[in-house]
Amino acid sequence: MFNSLSGTVTGKFPQKLFLETGGIEWDISVPDSSLEKIAPVGSVAKVYVWLQHTDALMNLFGFASENERNLFFDLLKVDGIGPKGALKIMSNISPSDLAAVLDSGDIEKLQKVPGVGKKTAAKMLLQLKGKLTLSDENVPASRQTVVPFSDVIKALADMGYERKSCETVVSEIASELGNDTSFAQKTQAEKEDAIFRRALVEMAR
């Protein structure tokens, strides 16, 4: 229906934002992690939104960036986590910390996050481990690295393969083909296609 709203911030509260656009003041549910990044009261801000619309209610959710909204959507994929639950989780753990906990498989630490019980933690590990894609804005500078052929890795992860395994396989294939003169002469698209095909074979073993 709509992707974002731009207007004047008229109020900021825990997990809540008021935004005025064209004489209309919107009541938007926002995770605290996003709230901190949105401009202060009285300033103009752009908020990426998602509308929850059912027969019984309508709720508008907002985020400081598309990447934070994508994380919200990832959490909604987990059985048992609704919009309010996803908001609570995002308000109590940063995207990079959440990805680290999921990748380590530390279910006890995951259960300590407000809004996450034992069953939900297990479902999160099953559904999201190795599959969260974070942008550089959500990763500390000390941990940021340039991942070669990231589009290939993302395509494989979207097919259901664990992201860490995809990174390892793609990296190994790219390193091997890097010594091939004919491979070096290919276009970037041709290189990605060749690596993707090889990776599919390796991941299927």
Side-chain angles (χ1 to χ4, degrees), residues 31 33 48 50 63 65-83 85-86 89-90 93-113 115-205:
S33 56
Y48 292 88
W50 177 74
F63 309 88
S65 68
E66 289 183 277
N67 288 299
E68 289 188 338
R69 184 172 61 183
N70 288 337
L71 174 58
F72 175 78
F73 290 153
D74 282 338
L75 289 171
L76 292 185
K77 294 176 185 177
V78 179
D79 183 32
I81 297 181
I89 292 170
M90 292 179 66
I93 186 170
S94 70
S96 57
D97 286 344
L98 177 59
V101 172
L102 289 171
D103 288 346
S104 68
D106 191 341
I107 193 169
E108 291 186 1
K109 189 172 183 178
L110 193 57
Q111 289 179 82
K112 294 179 181 179
V113 178
V116 179
K118 185 175 182 179
K119 291 183 178 179
T120 300
K123 291 176 181 178
M124 287 177 68
L125 285 176
L126 180 64
Q127 182 71 40
L128 302 177
K129 182 178 179 181
K131 296 179 182 178
L132 289 186
T133 303
L134 302 181
S135 66
D136 285 348
E137 69 181 61
N138 290 324
V139 181
S142 61
R143 293 178 55 190
Q144 291 180 15
T145 57
V146 178
V147 180
F149 300 105
S150 57
D151 287 344
V152 176
I153 293 170
K154 183 180 184 304
L156 291 167
D158 287 345
M159 293 176 67
Y161 294 109
E162 188 180 63
R163 185 174 179 84
K164 291 296 183 183
S165 298
C166 295
E167 291 177 352
T168 300
V169 170
V170 169
S171 178
E172 291 175 351
I173 294 172
S175 178
E176 178 186 336
L177 293 178
N179 298 319
D180 188 329
T181 303
S182 61
F183 179 78
Q185 295 175 346
K186 294 179 181 292
T187 65
Q188 180 65 19
E190 290 173 336
K191 290 178 180 178
E192 290 179 351
D193 183 63
I195 291 176
F196 179 74
R197 292 174 182 276
R198 280 277 301 273
L200 276 178
V201 174
E202 293 294 328
M203 299 296 291
R205 292 179 177 176

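Since this is a predicted model, take the numbers as computed values, not measurements.
- Ring geometry for Trp50 against Phe73 counts as perpendicular: the plane angle is over 60°, on a 0 to 90° scale with 30° as the lower cut.
- At least one donor-acceptor pair closer than 3.5 Å links the side chain of Ser104 to the backbone N or O of Ala100.
- Here the rule is side-chain contact (heavy atoms from CB on, under 4.5 Å) with Gln127, and of Val78, Asp79, Leu102 only Val78 fits it.
- Within 6.0 Å of NZ on Lys109 lie no more than 12 heavy atoms contributed by other residues, nucleotides or ligands.
- Ala121 approaches Gln111 most closely through the heavy-atom pair CB-CG, 3.8 Å.
- Summarising the geometry of Gly105 relative to Leu125, their closest heavy-atom pair is CA-CD2, 3.9 Å, with the distance given to 0.1 Å.
- Side-chain contact between Leu128 and Leu98: absent, with no pair of heavy atoms (C-beta onward) separated by less than 4.5 Å.
- Atoms CD and CG, from Glu108 and Leu110 in turn, are 11.0 Å apart once rounded to the nearest 0.5 Å.
- Atom-to-atom distance recorded for Glu190:CD and Gln185:CD is 10.5 Å, nearest 0.5 angstrom.
- Expressed to the nearest 0.5 Å, how far NZ of Lys112 lies from CD1 of Ile93 amounts to 11.5 Å.
- Residue Pro31 comes nearest to Met90 through the heavy atom pair CB-CB, 3.8 Å, listed as atom of the first residue, atom of the second, then distance.
- In this structure, Met159 and Met203 have side chains that are not in contact, with every pair of non-hydrogen atoms separated by 4.5 Å or more.
- Closest approach of Pro83 and Leu76 over heavy atoms only: N-CD2, 3.5 Å.
- Side-chain contact between Phe183 and Ile195 is present, with at least one heavy-atom pair separated by less than 4.5 Å.
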Audit row: Lys154, Asp151, salt bridge (charged side-chain N to carboxylate O under 4.0 Å, His left out) steps and yes/no:
CA-CA 5 Å; Lys154 183 180 184 304; Asp151 287 344; over 6 Å; no

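- In plain terms, the two heavy atoms of Ala86 and Ile81 that are nearest each other are N-CG2, 3.7 Å.
- Summarising the geometry, atom CG belonging to Leu156 is positioned 11.0 Å from atom CD belonging to Glu167; distances are rounded to the nearest 0.5 Å.
- Summarising the geometry, atom NZ belonging to Lys118 is positioned 13.5 Å from atom NZ belonging to Lys123; distances are rounded to the nearest 0.5 Å.
- Taking the side chain as every heavy atom from C-beta outward, Tyr161 and Leu200 approach each other to under 4.5 Å.
- Among all heavy-atom pairs drawn from Ala157 and Cys166, the shortest one is N-SG, 3.9 Å.
- Between Arg198 and Val169, the closest side-chain pair of non-hydrogen atoms is not below 4.5 Å.
- Between Lys77 and Asp74, the closest side-chain pair of non-hydrogen atoms falls below 4.5 Å.
- Atom CD1 of Ile107 and atom CE of Met124 lie 10.5 Å apart (nearest 0.5 Å).
- With a 6.0 Å radius and a threshold of 12 heavy atoms from other residues, nucleotides or ligands, Gln188 has its CD atom above the threshold.
- Leu71 is not listed as a side-chain neighbour of Asn67, based on a closest heavy-atom distance of 4.5 Å or more.
- Using a 4.5 Å cut-off on side-chain heavy atoms (C-beta onward), Arg197 and Asp193 make contact.
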